Amino acid sequence: MRNAVDIITDGKRKALYKPILLYIIYDLFRGAPYGFLIMVLWDLFAPVIDLGHIMFLMGAMVLTYLIQYIVGKYALVSVHETGYSLCSEARLNLGEHLRKLPMGFFKGRDPGDITQLMLQDMTFVENIFTHLMADIVAAFTLPIILILFMVVLDIKLALVAVITILISFPFLLASQVLVRKYGGRLSEIRVSSGARLLEYLHGIRYIKAYNLTGKRFRVLDESLDNMHKAILRLEIVPGIAATGYMSMLGLGYVILLLVATYYFMGGTLTIPVYLVFLILGYQLYQPLIQAGLDIMEVRFMSLAANRMKEVLDEKPLTEPENPKTPNNFSVSFLNVTFGYHENTVLSDVSFSVSPGEVLALVGPSGSGKTTITNLIARFWDVNSGKITLGGVDIRDIGTEKLLSYMSMVFQDVYLFNDTIRNNILIGKPDATDEEIIAASKSAQAHDFIVKLPKGYDTIIGEGGSTISGGEKQRISIARALLKDAPIILLDEATASIDPENEQAIQTAISALIKSKTVIVIAHRLNTIQDADRIIVIDHGKVTESGRHQELLAQKGMYFRMWSEQEKASHWTVSSAGISEKLSPGGSFV
Ligand SMILES: Nc1ncnc2c1ncn2[C@@H]1O[C@H](COP(=O)(O)OP(=O)(O)OP(=O)(O)O)[C@@H](O)[C@H]1O
């Protein structure tokens with residue numbers, strides 16, 4: 001099994017060897033002055049004091065400090081360069097892996113989970129690789145050097161020092177076990193608190209509208225309170241064991257001194273050796289105590305590595321070894337069966353649509369229309385049957401290439417916290433200003449964009465929160481127009497456009513879909529009555545297929561839906577209740 005460092009560094013643990021080696025050398029030079037100190041003490045208690053020799057030793061000490069400074073500088077630079085670059089690579093690897101995962105992975109997880117992993121967990125690891133590395137190396141190196149000095153001076157006392165250190169280890173072990181236990185729980189609670197906070201902020205409009213501020217806030221409040229308790233537990237419970245470890249080390253120093261004093265009083269220990277043990281003993285326990293303080297963070301590294309492994313173990317969508325290029329852009333479903341989990345959502349669905357044709361998907365809510373468009377974009381893979389593009393199985397094309405053939409205009413438009421220009425440019429990153437403006441004009445977006453304070457350079461909030469739903473839709477249509485992809489997937493594209501603009505937008509969409517392979521989901525049947533083919537999906541099955549008039553003549557589900565909508569389109573809501581009005585509505589096909 002790969003250990004935490006291997007998981008985080010993606011097997012490149014060797015990159016850490018250089019800074020570790022530099023810190024070992026640095027610690028050797030940190031330990032060296034004590035050797036000279038011992039010799040100085042020796043000289044001081046010698047029958048004849050050789051001042052020249054003492055000065056030489058002092059000079060040598062200064063030299064070791066100088067070398068210590070130089071090596072320390074290199075070690076510091078190396079550890080920071082290596083640590084930050086390994087962690088940013090780890091983040092990039094994770095990001096790259098996440099990009100290849102099917103949408104199902106994201107839908108099944110709390111949104112805070114990935115954020116916690118990418119930001120907080122990786123920050124812990126970064127801190128260990130950069131700031132704590134020196135302490136960790138010192139905790140191993142310095143005690144070894146100092147114990148070696150002790151062995152040379154007095155093996156019995158050296159043994160006492162080693163035993164006192166060993167006695168404190170069970171406390172260290174206990175704190176590790178407790179951090180693992182409570183740290184894991186804290187991570188879970190942090191994720192759920194993050195998710196509740198996101199939910200609260202995203203849903204604040206509805207929370208206020210339905211006067212749920214008290215109730216929803218209580219959920220958030222409880223979740224934050226749980227986190228508070230978990231943090232306290234994590235700090236206090238393992239903290240008690242860690243304090244026990246540090247106290248045992250402190251006690252170890254006292255025991256060492258007591259034994260040394262005992263030998264000194266008994267005349268078996270000379271003054272210089274006694275003094276040396278006094279100094280070395282103190283220096284011996286310090287790095288171990290510091291390591292005890294750092295140990296919690298190190299434990300977090302393995303928690304972060306476990307979570308990282310969990311994500312990395314998720315199977316990405318298979319990519320073809322030799323990607324094929326379709327000759328044309330006709331889309332076919334051949335006996336496709338699919339379910340998100342165990343429930344089948346689409347069963348044995350077959351249809352095809354050629355370039356220049358418009359295929360409309362209609363059917364009751366939850367019947368599987370959006371699922372069909374999700375499968376074309378390979379957000380999920382089919383369970384059986386296949387989807388082909390120009391006769392080529394979409395799994396043999398490669399997801400990036402496949403997506404480059406498609407423009408999608410969905411119900412829920414997502415805009416990035418960036419300028420309007422950059423949001424439109426997503427459709428074609430190298431587009432010129434003229435192309436952006438032309439696309440925006442066709443999408444009826446240009447006029448409102450130029451009226452914004454900074455025009456195309458206006459920054460819109462995350463998710464497009466600073467502009468209206470209709471404006472967001474128009475920007476997303478401009479984006480799709482700019483991409484000019486051969487396959488267009490429309491899902492209720494005109495859902496949030498105001499009535500005045502609807503006709504204009506439908507004209508824009510007509511331009512967008514001209515000579516393309518078009519699959520459109522429309523709840524308002526009047527928008528797709530001129531479609532080349534309409535298929536009715538009911539409970540995941542194709543139940544009717546044909547042109548508008550043919551389907552009406554069948555007097556099946558389509559006929560019923562049409563009749564219902566016809567009736568509803570004449571309704572108008574007023575204080576007097578629901579009454580009839582005349583509203584023919586527009587069509588983009
Ligand atoms: N990510 C998902 N995980 C699990 N089940 C899902 C997921 N997305 C959709 N479903 C389920 O699959 C079924 C079909 O959903 P789909 O969104 O395709 O329906 P739809 O016809 O587009 O509905 P609507 O017209 O309301 O948008 C529904 O029962 C829905 O609950």
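Here the structure is a predicted model, which is why all the values come from computation and not from measurement. Counting starts at 1 for both ligands and their atoms, following the listed order.
For Arg91 and Glu126, the salt-bridge test passes: some basic side-chain N is under 4.0 Å from an acidic carboxylate O.
Under the 4.0 angstrom criterion for non-hydrogen atoms, Gly363 is not in contact with ligand 1.
Selection from Thr371, Asn374, Ile537 by nearest heavy atom to atom 18 (O) of ligand 1 gives Thr371. Scanning Ile372, Asp491, Thr344, Thr370 for the heavy atom closest to atom 27 (O) of ligand 1 points to Thr370.
Residue Val345 places no N or O, backbone or side chain, under 3.5 Å from any N or O of ligand 1.
In this structure, the side chain of Arg479 engages the main chain of Asn423 through a donor-acceptor pair within 3.5 Å. Asn422 places no side-chain N or O within donor-acceptor distance of the main-chain N or O of Asp418, the cut-off being under 3.5 Å.
The distance from ligand 1 to the heavy atoms of Gly366 drops below 4.0 Å at these ligand atoms: 13 (C), 14 (C), 19 (O), 20 (P), 21 (O), 23 (O), 24 (P), 26 (O), 28 (C), 29 (O).
Stacking of Lys555 on the aromatic ring of Phe559 is recorded, both the 6.0 Å distance cut-off and the 45° axial limit being met.
Among residue pairs with one or both ends in residues 541-550, those qualifying as side-chain hydrogen bond (donor to acceptor under 3.5 Å, both in side chains) are His548-Tyr558; sequence neighbours excluded.
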